[in-house]
Amino acid sequence: MSYVKSKIFLSLSKTQKSALCNYLRALVKKSPDFCVDEIFQKFVEDEEYYIKMNNPHFEFLNELLYDENFKQEATLYLNECKKYYDYKESQKPLIEAQKQFEKEKRNFLKQVKMSKESPTKKQLYYYDCLCKKYNINKKETSDLSKLDLKNMISEILDEYSRNSEHLDISGN
């Protein structure tokens with residue numbers, strides 16, 4: 001796309017070219033189901049409307065809008081944008097799979113790290129409070145890791161939340 005961008009709209013200033021290209025790219029992104037000619041036609045119609053209202057998006061396009069060279073360059077750029085977004089859409093499942101893999105990898109590494117660390121005072125205190133609340137016999141925690149204690153706390157919470165749900169359902 002950068003190759004095409006460097007070869008089109010050479011009569012425009014750098015700022016004008018950038019603004020026009022960004023606007024055209026946004027049009028392609030907003031309407032992925034339209035073909036390039038339809039997108040260009042919509043662009044021309046919008047610009048004609050705004051010119052008639054004396055509020056054009058791009059004042060420098062007043063005389064260029066109907067130029068055949070401008071149409072070819074804009075169509076070429078729109079076509080490149082369309083290819084880019086179609087390719088990006090085709091890569092979406094791969095990107096999502098990669099993100100999911102990275103998330104699982106971070107979670108695994110976090111668990112490995114936790115399995116080597118000793119539990120925090122906060123964890124120990126929370127475990128003690130849960131044991132008192134639910135009248136559970138405490139297990140020895142001196143040789144447990146952070147991960148072990150986290151899993152024990154999760155088991156207690158899961159078990160008693162299931163029991164309370166069961167009581168709510170049968171009690172009502």
Look only at the side chain of [X] and the backbone of [Y], and say whether a donor-acceptor pair between them is shorter than 3.5 Å.
{"X": "S18", "Y": "T15", "answer": "no"}
{"X": "K17", "Y": "K5", "answer": "yes"}
{"X": "T141", "Y": "L144", "answer": "no"}
{"X": "E73", "Y": "F9", "answer": "yes"}
{"X": "N22", "Y": "A19", "answer": "no"}

Transitive ILVMFWY side-chain link [X] to [Y], under 4.5 Å:
{"X": "I51", "Y": "Y49", "result": "no"}
{"X": "M152", "Y": "M114", "result": "no"}
{"X": "I39", "Y": "V44", "result": "yes"}
{"X": "L147", "Y": "Y127", "result": "no"}
{"X": "L24", "Y": "Y85", "result": "yes"}

Evaluate the side-chain proximity of [Y] to [X]: yes if any heavy-atom separation is below 4.5 Å, no if none is.
{"X": "L20", "Y": "L61", "value": "yes"}
{"X": "Y23", "Y": "D46", "value": "yes"}
{"X": "F34", "Y": "K82", "value": "no"}
{"X": "N79", "Y": "F40", "value": "no"}

### Message
Strictly below 4.0 Å, N to O, side chains only: are E80 and K83 in salt-bridge contact?
### Response
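Between K83 and E80 there is a salt bridge, with a charged N closer than 4.0 Å to a carboxylate O.
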### Task
Could you tell me how the ring of Y134 sits relative to the ring of Y160: parallel (under 30°), tilted (30 to 60°) or perpendicular (over 60°)?
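Parallel.
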### Query
CG/L76 to CD1/I8 distance, rounded to the nearest 0.5 angstrom?
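L76 CG to I8 CD1: 6.0 Å, rounded to 0.5 Å.
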### Query
How many angstroms lie between CG in L65 and CD in E47, if you round to the nearest 0.5 Å?
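Going from CG on L65 over to CD on E47, the span is 6.5 Å.
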### Query
Does atom CD of E117 have more than 12 heavy-atom neighbours, drawn from other residues, nucleotides or ligands, at distances under 6.0 Å?
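Yes.
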